[in-house]
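All ligand and atom numbering here is 1-based and tracks the order in the structure.
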Amino acid sequence: MKYAIIIPDGAADEPLKELGGKTPLEAAGTPNMDRIAAEGKIGLARTVPDGFESGSDVATMSLLGYDPAVYHTGRAPLEAAAQRIPLSPTDWVFRCNLVTVVDGIMKDHSAGGISNEEARQLIDALRKRIDVPGVEFHDGVSYRNLMVYRGHEEFDVKTKPPHEIPEEPIVDWLPKGKGQDLLWKIMLESHQVFENHPVNVARRAAGKNQATRAWLWGQGHAPAMPTFESKFGIKSGCMITGVDLLRGLAVLLGWSVHEVDGMTSFHDTNYVGQGVDTAAMLDRYDLVLSHVESPDEASHQADWKTKIDAIEHIDKHVVGPVLEKLRTYPEWRILVLPDHPTNIATRKHGYAPTLFAMAGTGVKKPATPVTYSERNAAASGLKMENGHDLMAYFLRGE
Ligand SMILES: [Zn+2]
């Protein structure tokens with residue numbers, strides 16, 4: 001049996017005035033997704049449980065069959081897994097953003113999209129300055145770096161993602177709770193180290209946002225997730241994604257990670273290459289998950305035209321070839337679902353249940369075939385209140 005899962009990130013949405021009351025999925029031409037819905041099942045799944053923020057970390061964990069209430073410890077530990085940083089159960093991981101703070105106000109969570117090389121130099125200076133036993137810094141991509149803490153402090157501290165507090169005074173959002181002093185010390189010292197660092201002197205002269213300090217958030221221990229094989233009995237899996245978060249989940253699941261040339265998180269990504277490679281990986285693995293980030297990014301920009309175009313590219317270049325390849329195997333099944341809605345109207349992730357469609361061996365054909373849309377999914381009456389139950393349902397096939 002071969003399994004394929006395709007995630008058009010954030011593709012689900014609400015009806016839009018600009019589209020005459022249609023959603024982007026309804027407005028887009030998606031013959032392949034429609035075929036899956038028409039040949040199999042369509043329904044809704046609540047991938048963001050109550051009490052969680054809607055994000056790909058939580059929602060993807062759910063749709064993979066892992067209850068976030070049990071397994072979600074934070075965003076930073078998943079990124080540490082992607083970088084294959086070894087962690088013992090008592091170690092902590094924090095996201096260490098390079099941010100721009102001016103007169104105490106959070107101006108930019110990305111320090112002007114600082115380059116990898118500039119970030120590396122600043123993180124290195126911080127590493128030399130900070131003298132706290134057990135603290136280490138790991139370079140990431142641009143402003144997205146990590147701090148690992150292997151010391152004795154037991155944190156019970158509330159932190160805030162810097163992208164959620166633009167133009168707000170940082171003093172209101174500094175880490176609060178047990179262990180805060182250690183974090184404040186590092187954040188304050190980062191300010192002293194960075195202030196007149198040559199990287200910032202050059203950025204200042206060039207009129208770019210400076211990396212004025214490190215901002216710590218998203219902390220957690222390494223999640224203790226059983227492998228996908230031990231949980232579901234599927235021997236081999238492969239993840240194809242342009243996003244570190246999902247690479248990290250794959251590592252924790254015991255899956256391989258396959259990189260596609262030219263794959264990005266935006267609409268400039270190599271859709272054709274991703275479709276070709278996803279189909280090819282089905283020969284080597286029992287399950288292949290192919291994730292495309294571009295509809296989510298377009299939604300954050302409120303760009304419904306690009307969102308529709310991204311959805312159509314995914315349907316044509318990824319879903320189409322994968323479906324064609326699957327039909328060459330004696331037994332196969334496919335699942336297509338956005339991890340969560342991302343709403344053009346608010347430019348934010350939504351909390352409504354997302355839609356899914358599945359087809360293939362053992363999946364009963366519907367009495368009345370419908371197309372792939374949020375409305376048809378809601379009307380089907382099939383609804384998974386616990387999104388993490390969907391994976392077992394898909395693998396069972398009914
Ligand atoms: Zn997402």
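In terms of distance to the Zn ion (ligand 1), the nearest N, O or S atom of Asp339 is named OD2. Distances from the Zn ion (ligand 1) to the N/O/S atoms of His340 are shortest for NE2. The atom of Asp9 nearest to the Zn ion (ligand 1) is OD1, with the search restricted to N, O or S atoms.
For the residue pair Thr23/Glu14, the side-chain donor-acceptor check at 3.5 Å is not satisfied. Defined by atom type and a distance below 3.5 Å, a donor-acceptor pair is missing between the side-chain atoms of Glu189 and His191.
Put simply, His349 stays out of reach of the Zn ion (ligand 1), with no N, O or S atom under 2.8 Å from it. In summary, Asp296 places no N/O/S atom under 2.8 Å from the Zn ion (ligand 1), failing the contact criterion. Under 2.8 Å from the Zn ion (ligand 1) lies an N/O/S atom of Ser56, whether from backbone or side chain.
For the pair Lys316 and Tyr271, the cation does not sit on the ring face, since its NZ or CZ is not both under 6.0 Å from the ring centre and inside 45° of the axis.
Around the CD atom of Glu53, the shell of radius 6.0 Å holds no more than 12 heavy atoms that belong to other residues, nucleotides or ligands.
The residues Glu79 and Arg247 are annotated as not salt-bridged, no charged nitrogen and carboxylate oxygen being separated by less than 4.0 angstrom.
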